[in-house]
4 protein chains.
Amino acid sequence: MVDRRGRPRRAETGPAILDAAMELLREAGYGGLSIEAVAVRAGVTRPTVYRRWPDKAHLAIDALSRAVPIAAAPDTGDTRTDLHLLAHGLVDRLVRTGLAPVILALHADSIGREELAGPLRELYLRPRLGTITDVVTRGIARGDLPPGTSPATARDLLAGPLVYRGLVAGDITDADVDELVDAAWRALTAPASGTG
Amino acid sequence: MVDRRGRPRRAETGPAILDAAMELLREAGYGGLSIEAVAVRAGVTRPTVYRRWPDKAHLAIDALSRAVPIAAAPDTGDTRTDLHLLAHGLVDRLVRTGLAPVILALHADSIGREELAGPLRELYLRPRLGTITDVVTRGIARGDLPPGTSPATARDLLAGPLVYRGLVAGDITDADVDELVDAAWRALTAPASGTG
Amino acid sequence: MVDRRGRPRRAETGPAILDAAMELLREAGYGGLSIEAVAVRAGVTRPTVYRRWPDKAHLAIDALSRAVPIAAAPDTGDTRTDLHLLAHGLVDRLVRTGLAPVILALHADSIGREELAGPLRELYLRPRLGTITDVVTRGIARGDLPPGTSPATARDLLAGPLVYRGLVAGDITDADVDELVDAAWRALTAPASGTG
Amino acid sequence: MVDRRGRPRRAETGPAILDAAMELLREAGYGGLSIEAVAVRAGVTRPTVYRRWPDKAHLAIDALSRAVPIAAAPDTGDTRTDLHLLAHGLVDRLVRTGLAPVILALHADSIGREELAGPLRELYLRPRLGTITDVVTRGIARGDLPPGTSPATARDLLAGPLVYRGLVAGDITDADVDELVDAAWRALTAPASGTG
DNA sequence: ATCTAAGCGAGACGGTACGTCCTGTCTTGAG
DNA sequence: CTCAAGACAGGACGTACCGTCTCGCTTAGAT
């Protein structure tokens with residue numbers, strides 16, 4: 001049972017802080033996010049922010065989890081098409097909105113800090129990667145993908161090259177996406193081949 | 001031609017600063033790197049650091065470029081084996097030394113800032129990814145890989161899933177590496193398959 | 001009505017800063033006063049000093065206003081004697097304590113900057129020069145000085161030569177003081193004389 | 001005999017530095033004068049300035065000594081008129097050009113530092129106060145002033161109140177000057193009066 | 001005709017201080 | 001107990017000057 005004594009929290013405060021954080025993440029990136037600026041923009045004092053989030057990483061995780069939409073898993077009847085749609089949607093939502101560097105920085109910040117990595121996985125990542133799992137699961141059921149296909153591997157093969165291309169090249173075109181999804185498809189569907 | 005006028009820079013200063021920066025990157029990560037701390041540890045004043053590097057991102061790029069070894073391209077005679085060796089070496093050098101988050105954060109910081117992205121590509125990335133290009137080029141010559149294989153795509157298919165697995169799972173095992181390299185190999189060698 | 005919201009300032013901080021400033025003014029002069037050193041000596045951080053004083057000039061004005069004693073106006077019954085006592089006291093308090101150069105530098109710094117000149121006049125100067133005004137007013141009432149004597153002029157005739165002698169000669173003896181006060185007395189009491 | 005070996009100093013350098021220093025003293029005051037800025041404005045490097053002047057105080061003394069004109073001693077035949085002319089000229093040259101605070105700050109900086117006070121007295125002050133000595137000497141010879149009049153005292157009685165009024169009031173009018181010169185005249189010419 | 005010394009531009013260097021920003025915490029008064 | 005307000009210790013930022021130094025080049029008088 002929660003303790004209901006004392007003045008209750010204002011309902012508007014939380015969302016106002018999260019909105020302010022998102023705006024600042026978009027404008028200045030993860031490195032440019034500061035609790036101070038968030039508080040000012042949300043019309044709130046710093047201790048009020050700290051009362052709800054312990055530091056800017058947790059705040060950023062919550063802000064992103066709330067602001068980045070979770071795409072519905074496409075279901076066209078053809079798994080390969082579904083993966084193409086998925087990948088284009090992913091790129092649209094992150095690269096084209098400029099949030100990709102924010103999410104990368106946040107991941108980088110979280111590596112080795114389980115108190116961050118946990119929430120990041122559970123709140124941000126899992127719901128979004130669930131879409132891939134859904135498509136893969138359906139693909140197996142439909143016979144488009146081999147029965148033993150691991151959703152985690154599929155996720156890495158699909159998202160990994162896309163992320164890496166964006167990271168290294170700085171940008172990514174629709175043709176890039178198609179090329180890399182096709183490659184992932186081959187990796188998922190081709191029979192294992194020996195060395196010789 | 002270099003300008004020889006003026007008091008020459010002390011030869012020890014540059015390396016001392018880079019060493020200090022590397023130590024701090026290892027200890028505190030990219031976010032924990034501060035010019036102040038670098039200067040103190042290098043036994044140098046802050047303005048001396050700023051005389052040589054405009055900000056911590058440029059400094060980190062130089063420090064990493066100098067400290068992270070460039071692996072020789074393996075050449076066992078079998079391209080698939082070479083790629084396995086390459087991948088394990090990469091993971092050893094970055095994930096196991098804890099530098100992976102640093103490099104990710106640096107990349108995230110550089111996206112959209114060409115004055116950073118350029119040096120990062122040229123100084124850090126290109127020499128290291130050259131190893132992949134070498135192996136792929138040799139693989140094509142040897143007939144292990146199809147003639148049209150693009151080194152850039154090979155790079156993304158190989159490194160992308162490894163990086164992504166590390167990013168999302170927080171760690172990566174030798175078995176993971178083998179699994180993902182095999183998948184990349186299938187993507188590179190399987191014939192393109194239409195959906196129908 | 002003062003604003004009582006917010007964490008109240010620590011009562012010890014202000015005096016500690018002013019004490020530190022006074023010590024440094026005595027040791028290093030106005031030019032040698034630095035906010036940094038004041039903060040260190042007061043056991044306080046630099047931002048804490050800046051929260052209370054905008055720059056070293058304002059700080060010096062407050063420090064001097066608090067530290068330099070305001071002499072009681074002498075009242076022996078004889079105005080000329082009073083002025084002698086006044087002048088000797090002035091010289092003792094400023095020249096002999098080494099504060100004279102500090103006050104001069106502060107005045108020089110304030111000329112033409114009304115945001116400094118104002119506080120300097122009101123906080124430091126007015127209370128101290130009030131003593132002269134008192135003596136002059138009493139002197140007029142007593143008949144020792146002509147009825148129209150202006151306190152401002154009396155102030156300039158008395159203090160001016162003393163200051164100037166100190167400034168130009170670097171030091172000032174008791175005999176100097178007596179000589180210059182006598183001269184001021186003649187200027188105040190002699191009837192106006194024509195040119196011829 | 002001076003050593004004439006070595007490359008001789010460029011003749012233009014000294015004056016260029018002094019001109020630059022004067023400009024900066026006028027623009028930013030004594031506190032705002034920096035060797036760095038002087039060097040830049042004179043088109044010279046910092047070590048070149050330091051080769052000729054040990055610090056900004058010595059530089060300022062030389063710059064002022066060269067730039068502030070030495071008035072010719074007025075000689076109208078009437079000493080009191082001469083003193084009025086002298087005082088108005090003094091005020092015009094210092095207060096109205098804004099150099100008064102600079103000279104005060106320089107004096108304040110020099111108190112207790114004989115290596116500065118000496119040059120300041122000899123180079124700046126003596127030639128300029130010589131005018132007063134001349135007028136006083138002539139006044140004694142002419143019988144306008146008592147035979148025992150000390151030029152040093154005359155100087156303090158004349159200049160002191162003017163300086164002090166400027167210092168305390170921030171400005172000084174022509175009427176102020178006349179009033180204070182008349183007072184100084186009374187001090188110099190009235191017979192000594194005991195208090196009783 | 002060299003040699004040698006100094007002047008000078010250039011710019012690095014260790015240092016000190018600047019004034020600002022942000023962190024995370026604490027302390028008050030009011031709701 | 002929440003919240004606004006704001007002080008506080010602490011730490012870092014990036015910049016400005018300080019006074020010194022070490023170079024390469026130039027300019028001259030001394031040898």
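Below, chain A is the first sequence line, B the second, and so on; all start at residue 1.
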Using a heavy-atom cut-off of under 4.0 Å over every strand shown, decide if C:Arg9 touches base, sugar-phosphate, or nothing.
sugar-phosphate
Closest nucleotide among E:dA17, E:dC13, E:dT23 to the C:Ser34 side chain
E:dA17
Check every atom of F:dC21, E:dG7, F:dT15 against the side chain of B:Tyr50 and return the nucleotide holding the closest atom.
F:dT15
Is the phosphate of F:dA4, meaning OP1 or OP2, less than 4.0 Å from a side-chain N or O of A:Thr48?
yes
When we call it a touch if two heavy atoms are under 4.0 Å apart, what does D:Thr45 touch: a base, just sugar-phosphate, or nothing?
base
From the list F:dA5, F:dA12, F:dC3, which nucleotide is the closest neighbour of the side chain of C:Arg7?
F:dA5
Listed nucleotide nearest any side-chain atom of A:Ile35, set E:dT23, E:dT27, F:dC13
E:dT23
Indicate whether OP1 or OP2 belonging to E:dG7 is found under 4.0 Å from a side-chain N or O atom of D:Thr13.
no
Which nucleotide in F:dA9, F:dC18, E:dT28 has an atom nearest any side-chain atom of D:Glu36:
F:dC18
Of the listed nucleotides F:dG10, F:dA12, E:dC8, the one nearest the side chain of C:Pro47
F:dG10
When all nucleic acid strands are considered with a 4.0 Å heavy-atom cut-off, which category describes B:Arg10: base, sugar-phosphate, or nothing?
sugar-phosphate
Please check the phosphate of E:dC8 (OP1 and OP2 only) for any side-chain N or O of D:Arg52 closer than 4.0 Å.
yes
Check every strand shown and say whether C:Gly32 touches a base, only sugar-phosphate, or nothing at a heavy-atom separation below 4.0 Å.
nothing
Report the distance from atom NZ of C:Lys56 to atom C1' of E:dG19, rounded to the nearest whole Å.
14 Å
If you take atom types as modelled and just measure distance, does the side chain of C:Arg51 reach the base of F:dG6 with a donor-acceptor pair under 3.5 Å?
no
